[in-house]
Amino acid sequence: VFFRFREQFVLSMPIVGKQYQLVLILLDTFATAQILSIGFGAGLSLISIVDFIRSSVQSKKFKQEMSKVYEEVTNIKSLSEAFKDTSLPVQLKSIVQVGERSGKIKDMAESLSSTINDSIDAEMQKLEKSLFLGMMLITVVIVAPILFSFYYGYFGILNQVMQAVSQ
């Protein structure tokens, strides 16, 4: 059950959810830009490139949006028209639109992927810090009462010994 609904579970977590969502968007945008760059560089058909992107992205929302793009492209629309009505990241829409007009979509997608690569590293560090803080809070909430209850007995015995010695 966890593996089937893990994305919804992690996204609903208070500390980590938003950070995880941002990392997912960055990773899917990176993958899309890389595939666009490689696909156009190799001379693949637009439908093949979009189909490969659709099967390569990880988040469900991104997959749904890329399925819409795939349908639009199969209906003989340009890539920028297909991207226009989606909720995909603005950077991706921009490079597709400008790249189509200028004929340099490969170079622009490659540039975007290298820029996003740096952002992914920074966001992963933030996610690690959030996870560390979350684990520390869980540890304090769970382990501290256990330790207190364990040592409470010893403190009770020590208190009785001290009372017996003072009498």
Run the salt bridge (charged side-chain N to carboxylate O under 4.0 Å, His left out) check on Lys61 and Glu65 step by step: do they pass? CA-CA 6 Å; Lys61 183 178 178 184; Glu65 294 299 321; over 6 Å; no
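- One finds the CD1 atom of Ile116 at 12.5 Å from the CG atom of Asp121 (value rounded to the nearest 0.5 Å).
- Atom-to-atom distance recorded for Gln91:CD and Ser119:OG is 8.5 Å, nearest 0.5 angstrom.
- Scanning all heavy atoms of the two residues, the minimum distance from Leu24 to Ser59 falls at CD1-CB, 4.2 Å.
- Salt-bridge annotation for Lys68 and Glu72: absent, with no side-chain N of the basic residue lying under 4.0 Å from a carboxylate O of the acidic one.
- Ile53 and Ile38 fall into different hydrophobic clusters, defined by Ile, Leu, Val, Met, Phe, Trp and Tyr side-chain heavy atoms under 4.5 Å apart, directly or through other members.
- With respect to Asp51 and Arg54, a salt bridge is recorded, a charged nitrogen being found less than 4.0 Å from a carboxylate O.
- In terms of heavy atoms, Leu112 sits closest to Ala33 at CD2-CB, 4.1 Å.
- Here the CG atom belonging to Leu36 is positioned 6.5 Å from the CG atom belonging to Leu92, to the nearest 0.5 angstrom.
- The shortest non-hydrogen separation linking Val140 to Pro145 is O-CD, 3.6 Å.
- Few gaps surround NZ on Lys63; more than 12 heavy atoms of other groups in view lie less than 6.0 Å from it.
- Residues Lys126 and Glu123 are paired through a salt bridge, judged by an N-O separation under 4.0 Å between the basic side chain and the carboxylate.
- Partner of Lys93 under the side chain to side chain contact (heavy atoms under 4.5 Å, CB included) criterion, out of Leu79, Asp85, Thr86: Thr86 alone.
- Under a hydrophobic-cluster definition in which Ile, Leu, Val, Met, Phe, Trp and Tyr are linked whenever side-chain heavy atoms come within less than 4.5 Å, directly or via other members, Ile25 and Leu127 are assigned to different clusters.
- Between Ile49 and Gly39 the shortest heavy-atom distance is CD1-C, 3.5 Å.
- Between Val23 and Met124, the closest heavy-atom pair is CG1-SD, 3.6 Å.
- Here the side chain of Ser94 pairs a donor or acceptor atom with the backbone of Val90 at under 3.5 angstrom.
- Listed here is the closest heavy atom pair of Phe62 and Pro89: CE1-CD, 3.7 Å.
- To the nearest 0.5 angstrom, Thr74 atom OG1 is 7.5 Å from Ile76 atom CD1.
- Note that NZ of Lys129 is 9.5 Å distant from CG of Leu133, once rounded to the nearest 0.5 Å.
- Ile47 is listed as a side-chain neighbour of Tyr70, based on a closest heavy-atom distance under 4.5 Å.
- Of the inter-residue distances, the one linking Leu27 atom CG with Ser56 atom OG reads 13.0 Å to the nearest 0.5 angstrom.
- A donor atom on one side chain and an acceptor atom on the other are not found under 3.5 Å apart for Thr32 and Thr29.
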Between Gln64 and Ser67, is the side chain to side chain contact (heavy atoms under 4.5 Å, CB included) condition met? List the steps. CA-CA 5 Å; Gln64 290 170 346; Ser67 292; 5.6 Å; no
May I have the step-by-step check of side chain to side chain contact (heavy atoms under 4.5 Å, CB included) for Met66 and Phe83, ending in yes or no? CA-CA 9 Å; Met66 288 311 297; Phe83 270 67; 4.2 Å; yes
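- When atom types are taken as modelled, the side chain of Glu110 and the backbone of Ser37 share no donor-acceptor pair closer than 3.5 angstrom.
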